[in-house]
K.L.:
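What follows is a structure written as structure tokens; I'll ask about it next.
Heavy atoms only: backbone and side chains are in, while hydrogens, waters and symmetry mates are out.
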Number of protein chains: 2
Amino acid sequence: MEKNHLKAAGLKITTPRMRILDLLTTSGDRHLSAEEIYQQLHKIDTDISIATIYRVLTQFEAAGLVIRHNFEENHSVFELNHGEHHDHLVCMKCRKVVEFHDAVIEARQEELTKKFGFIMKDHCLTIYGVCSECQ
Amino acid sequence: MEKNHLKAAGLKITTPRMRILDLLTTSGDRHLSAEEIYQQLHKIDTDISIATIYRVLTQFEAAGLVIRHNFEENHSVFELNHGEHHDHLVCMKCRKVVEFHDAVIEARQEELTKKFGFIMKDHCLTIYGVCSECQ
DNA sequence: GTCCGTGCAAAGGATTTGCATAATC
DNA sequence: GATTATGCAAATCCTTTGCACGGAC
């Protein structure tokens, strides 16, 4: 239940926070931008200011509740953080997102990073394509 | 020689275009932002307006001469396009960039994309870490 | 009641654009 | 000389922030 996630993150239970968390929970297959969250919430009569949406998302990111992505160059999109690292396959037409995890790729990345003398902190692999429905 | 690249792309030879191309050629190990290009060119007494830098970079991108990356969320960085696809290992401290290509990862990505019924159009893998000098 | 969260409007940074001038071919 | 590029300043887009009010605990 969402309330527990908020409490666990040390955040007070407020309407904006609950609604945004709800929305992200129910839009698992599509990562949302701040503007989209704003629009969607207005549709269901929840008028939260865009400033609050940015503030809440930033707090959620800091608390590890959501992950921010920069798939496109002019804005960020957000997804719920389920804890397991995964990469993304994004449909360039309908923006559907498939999450995957591949042990072979993960291991290979670790090897390469070491080979170049780096210490890996994070990584992101995004494949852009066209899904079966949009082809 | 740079002039040929411009002609091949159907672009007129102008000072701003030559200088920007020169600069990108000589900064292979660090991808530059528009602002950095602006600063660097000013240092060598080449006063090109920031608007022109953005315009030139956008044209270069359209012509396939440069590749735009969004490693960080608030601005883009640019690198010369040498034709071969590669992925990136970025140092989070000094911003050095190592380019690599790994056949195992590439093949695996193709398999995964097919498995999910997508047609792959593009992909980017970026590993964020700390390089040997910055550790 | 105290402290934190929110809305509003204004500010901020990166990037784009309109228009008159200047350069290339 | 015709056409395309550039510089400047204003505009635009996404995101952040200051401040006064409202809500959670």
K.L.:
Any side-chain N or O of B:Tyr54 less than 4.0 Å from the OP1 or OP2 oxygen of C:dT16?
P.N.:
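For C:dT16, OP1/OP2 do not have a side-chain N/O of B:Tyr54 under 4.0 Å.
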K.L.:
Of all of residues 58-70 of chain B, which get a heavy atom below 4.0 angstrom from DNA chain D, listed by number?
P.N.:
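Result for residues 58-70 of chain B: none.
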K.L.:
At their closest point, which heavy atom of A:Cys91 faces which heavy atom of A:Cys131, and how far apart are they?
P.N.:
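What the structure gives for the nearest pair is SG-N, 3.5 Å.
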K.L.:
Kindly state which residues belonging to residues 31-46 of chain A come within less than 4.0 angstrom of DNA chain D, counting heavy atoms of the residue only, listed by number.
P.N.:
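Nothing qualifies; none.
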K.L.:
Starting at the 5' end of DNA chain C and moving along, which residue's nearest nucleotide shows up first, B:Leu11 or A:Arg17?
P.N.:
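Checking each residue's closest nucleotide, the 5'-ward one belongs to A:Arg17.
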K.L.:
Using a cutoff of under 3.5 Å, can you pull out all pairs of nitrogen or oxygen atoms linking the protein to nucleotides 7-10 of chain C, with atom names and distances?
P.N.:
residue	atom	partner	partner atom	Å
C:dG7	OP1	A:Asp47	O	3.3
C:dG7	OP2	A:Ser49	N	3.2
C:dG7	OP2	A:Ser49	OG	3.1
C:dG7	OP2	A:Thr52	OG1	2.4
C:dG7	N7	A:Arg55	NH2	2.8
C:dG7	O6	A:Arg55	NH1	3.4
C:dG7	O6	A:Arg55	NH2	3.4

K.L.:
Output a table of donor-acceptor pairs, distance under 3.5 Å, between side-chain atoms of residues 113-121 of chain B and any protein atom two or more places apart or on a different chain; print 'none' if there are none.
P.N.:
residue	atom	partner	partner atom	Å
B:Thr113	OG1	B:Gln109	O	2.7

K.L.:
Excluding sequence neighbours, so at least two apart, what forms salt bridge (Lys or Arg N to Asp or Glu O under 4.0 Å) with A:Glu73?
P.N.:
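So A:Glu73 forms a salt bridge (Lys or Arg N to Asp or Glu O under 4.0 Å) with B:Arg68.
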K.L.:
Between A:Leu21 and A:Thr25, which heavy-atom pair has the shortest distance, and what is it?
P.N.:
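Taking A:Leu21 first and A:Thr25 second, the nearest heavy atoms are O-OG1, 2.7 Å.
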K.L.:
With sequence neighbours left out, what residues match B:His75 under ring-ring contact (aromatic ring centres under 6.0 Å, His included)?
P.N.:
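Partners of B:His75 by the ring-ring contact (aromatic ring centres under 6.0 Å, His included) criterion come out as none, since no residue qualifies.
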K.L.:
Partners of A:Glu111 by salt bridge (Lys or Arg N to Asp or Glu O under 4.0 Å), sequence neighbours excluded?
P.N.:
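Once residues adjacent in sequence are excluded, the partners of A:Glu111 under the salt bridge (Lys or Arg N to Asp or Glu O under 4.0 Å) criterion are A:Arg108.
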K.L.:
Find the distance between CG (A:Leu65) and CD (A:Glu79) and round it off to the nearest 0.5 Å.
P.N.:
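Spacing of CG (A:Leu65) from CD (A:Glu79) equals 12.5 Å.
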K.L.:
Can you give me the bend angle of the helix from C:dG1-D:dC25 to C:dC25-D:dG1? Use the axis through the first five pairs and the one through the last five, nearest 10 degrees.
P.N.:
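The helix from C:dG1-D:dC25 to C:dC25-D:dG1 shows an end-to-end axis angle of 40°.
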K.L.:
B:Glu133: what forms a salt bridge (Lys or Arg N to Asp or Glu O under 4.0 Å) with it, not counting sequence neighbours?
P.N.:
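Result, salt bridge (Lys or Arg N to Asp or Glu O under 4.0 Å) vs B:Glu133: B:Lys96.
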K.L.:
What closest approach, in Å, do A:Cys124 and B:Tyr128 show between heavy atoms, and which atom pair accounts for it?
P.N.:
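Heavy-atom minimum between the residues: SG-CE1, 4.5 Å.
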K.L.:
Of all the heavy-atom pairs spanning B:Ser76 and B:Asn70, show the shortest one and how long it is.
P.N.:
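Minimum heavy-atom contact is OG-OD1, 3.1 Å.
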K.L.:
Not counting sequence neighbours, which residues clear side-chain contact (heavy atoms from CB on, under 4.5 Å) with A:Asp87? List them please.
P.N.:
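Partners of A:Asp87 by the side-chain contact (heavy atoms from CB on, under 4.5 Å) criterion, ordered by chain and then number, come out as A:His85, A:Phe100, A:Glu106, A:His123, A:Leu125.
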K.L.:
Which atoms form the tightest heavy-atom contact between B:Ile50 and B:Ala34, and what is the distance?
P.N.:
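Minimum heavy-atom separation between B:Ile50 and B:Ala34: CD1-O, 3.9 Å.
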K.L.:
Under 4.0 Å from a heavy atom of chain A: give me the 5'-most and 3'-most nucleotides of DNA chain D that qualify.
P.N.:
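In short, chain A contacts DNA chain D from D:dC14 to D:dC25.
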K.L.:
Checking B:Arg17 side chain against B:Val56 main chain: does a donor-acceptor pair fall under 3.5 Å?
P.N.:
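Answer holds: no.
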K.L.:
Under the ring pair (Phe, Tyr, Trp, His ring centres under 6.0 Å) definition, can you give me all pairs with a residue in residues 8-35 of chain B, not counting sequence neighbours?
P.N.:
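Residue pairs with at least one partner in residues 8-35 of chain B: B:His31-B:His69, B:His31-B:His88.
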K.L.:
On a heavy-atom basis, which atom in A:Ile48 and which in A:His42 lie closest, and how many Å separate them?
P.N.:
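What the structure gives for the nearest pair is O-NE2, 4.0 Å.
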